[in-house]
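Take a look at the structure set out below.
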Amino acid sequence: MSGMNDELLALSGLDDGWLDRRVFWDRDVYELELERIFARCWLFVAHESQLPKPGAFITTWMGEDNVLVVRRRDGSIGAYLNSCPHRGNRVCTAEVGTARGFVCNYHGWSFGLDGGLTGVHESAAFGREPGFDRSRLGLTPVAQLDTYKGLVFATFDPGAPPLRDYLGDFAFYLDVILDNDEGGTEFAGGSIKSVLGCNWKIAAENFAGDALHAGWTHASGAEAMLGRGVPDLGAEDAESYHVNANGHCWEFNLDGVGNAATLGDPRVMAYLRDHEKRFAERLGALRARMVGSISSVNVFPNFSFLPGQNTFRTWQPKGPHRTELHTWVLVNRNAPQDVKDAWRKGAMMTFSPSGVFEMDDGENWELATRSNAGVVTRKQRLYYGLGSGTAIEHPELPGNVHRGQINDANQRAFYRRWSQLLRARTWDEAAS
Ligand code: FES
């Protein structure tokens, strides 16, 4: 790491509430992120419902590494680098499907659902080579793969802590959306992909805790679609919080403002109301109030969702100034089909490439990134000091808890974790 980067990363710990702008622009920072965050952390790769039977697969990204995620014959899930060990060609060019195996387009090597090499074109020629060992020529698997209540995560780092430890206290909050019904969850329908001209962290930090922008950026969209603006989230007596654990962040409001993000669709609202008692039985009274509330979440580093709205998304890095956005809609598997459809329609109208709120955000994030092309602008620092005195102990909420939704506490937690991981050479160093 260069001396410049040591200084830069030190400046980005946010202890004084200021962030160095170079973290959104410099190529060497980005390359370090790929090594020490995306090749090290547990990353969301699929929902189990996307892999319903043996042979079902999807292709996705872990950093800039393309991976093939597949349901194997024994029902387990595997994930492999989607690159042929012969000359490196991408083996599976489809984004989703079902297959008995995978054949490389270049020279015809074939691979099983377990990633093993099952056949080669001109096998007699290869068979004469003493050093040709099929068992060493399968697709490279990820180091670890695990699931948490339907979500599939993988890491390239064999030294990464177990997924449950990586999530830590944050699992308590994840259960609000993943475990409020005995039937579990599923992704409804397909996915939408789009490209933003922004640094991936600007999107991730927005979902980590930027309730501040909602009442301003989205005011006109809310007015046009709902006939009223975004509720005042900053009232002094509001029962709202920023909570974070291990860099994972959730901000939420318990004042019963409801499912505004699906535009208050009556079918969704009726479903939430009818299930209040069941939510409370499974989650307890406090977490039951979080179901469908106005809130947003980022699971470190780049997996975000909006509870209530139920849009789930990954911010895939494609260079320091470019992000590929993948989105899905999560629903309770046992919900009636018309409720699932309403949830999906709400997401399409609000947080899809043609949705009003997504467009509002994208323009801001692109300009916030692009501003840093200026060599003078890039030397300025950014203010992240809001809510500096809001930390509290809460009798029911684990992790780091801050009072108030209009706050930068979660963004500071996000960048502290980011800085900590970039500076650490090992997980042990990151934990200390
Ligand atoms: Fe795949 Fe040659 S690159 S078979």
Side-chain angles (χ1 to χ4, degrees), residues 44 47 148-151 167 169-181 183-188 203-204 206-211 213-214 218 230-231 233 238-245 248-265 267-269 271-273 275-276 278-280 282-300 303-315 327-333 335 339-340 342-347 350-352 355 357-358 361 396-399 401 405 407 410:
F44 169 77
H47 189 286
Y148 187 76
K149 300 195 176 180
L151 305 183
L167 296 173
D169 284 338
F170 207 67
F172 172 89
Y173 299 101
L174 288 175
D175 289 354
V176 168
I177 193 156
L178 298 176
D179 199 15
N180 63 48
D181 185 83
T185 61
E186 64 185 11
F187 275 176
N206 177 281
F207 274 66
D210 199 327
H213 83 293
H218 300 311
V230 175
L233 302 176
E239 191 175 0
S240 64
Y241 300 92
H242 268 212
V243 296
N244 62 75
H248 316 304
C249 299
W250 192 309
E251 55 92 356
F252 59 96
N253 190 307
L254 294 176
D255 286 343
V257 283
N259 192 283
T262 56
L263 312 179
D265 184 284
R267 290 160 296 186
V268 173
M269 298 304 285
Y271 175 81
L272 292 173
R273 257 195 317 274
H275 289 74
E276 270 173 358
R278 197 179 305 174
F279 296 154
R282 293 185 71 81
L283 301 169
L286 188 147
R287 283 190 298 174
R289 292 167 64 201
M290 293 172 66
V291 181
S293 73
I294 290 185
S295 47
S296 71
V297 179
N298 187 66
V299 180
F300 192 89
F303 175 42
S304 294
F305 57 91
L306 297 177
Q309 159 90 26
N310 288 17
T311 175
F312 274 57
R313 59 227 356 252
T314 52
W315 315 103
T327 71
W328 306 265
V329 178
L330 183 102
V331 292
N332 280 347
R333 184 177 284 121
V339 172
K340 295 180 183 180
W343 239 311
R344 186 162 50 173
K345 185 177 164 198
T350 53
F351 285 94
S352 73
F357 300 142
E358 195 98 284
D361 285 330
E396 293 181 69
L397 299 176
V401 182
Q405 207 168 8
N407 209 319
N410 277 358

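Keep in mind that the numbers below use all heavy atoms, side chains included, and drop hydrogens, waters and symmetry copies.
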The criterion is side-chain contact (heavy atoms from CB on, under 4.5 Å); which residues satisfy it with [X], sequence neighbours excluded?
X: Glu239; answer: Tyr241, Leu254, Asp255, Arg289, Arg403
X: Ala203; answer: Trp315, Trp365
X: Ala171; answer: Tyr148, Arg164
X: Lys345; answer: Met349

*Which residues satisfy the side-chain hydrogen bond (donor to acceptor under 3.5 Å, both in side chains) test with Glu358, sequence neighbours excluded?*
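Arg313.
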_Asp169 and Val243: CA distance, side-chain angles, deciding distance, side-chain contact (heavy atoms from CB on, under 4.5 Å) verdict_ = CA-CA 10 Å; Asp169 284 338; Val243 296; over 6 Å; no
Got a donor-acceptor contact below 3.5 angstrom from the [X] side chain to the [Y] backbone?
X: Tyr271; Y: Lys340; value: no
X: Trp343; Y: Gly308; value: yes
X: Arg282; Y: Asp175; value: no
X: Ser296; Y: Phe207; value: yes

_Going by side chain to side chain donor-acceptor pair (under 3.5 Å), Ser304 matches just one of Thr327, Asn298, Thr314, Thr311. Which one?_
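When Thr327, Asn298, Thr314, Thr311 are each tested with Ser304, the side chain to side chain donor-acceptor pair (under 3.5 Å) holds only for Asn298.
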*Can you name the ring-ring contact (aromatic ring centres under 6.0 Å, His included) partners of His242, sequence neighbours left out?*
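By the ring-ring contact (aromatic ring centres under 6.0 Å, His included) rule, His242 matches no residue at all.
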*asked:* Could you tell me if the side chain of Thr185 sits less than 4.5 Å from the side chain of Ile177, heavy atoms only?
replied: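 No, their side chains stay 4.5 Å or more apart.
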*Will you find, in the side chains of Asn410 and Glu251, an N or O donor that is under 3.5 Å from an N or O acceptor?*
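The criterion, which ignores hydrogens and geometry beyond distance, is not satisfied for Glu251 and Asn410.
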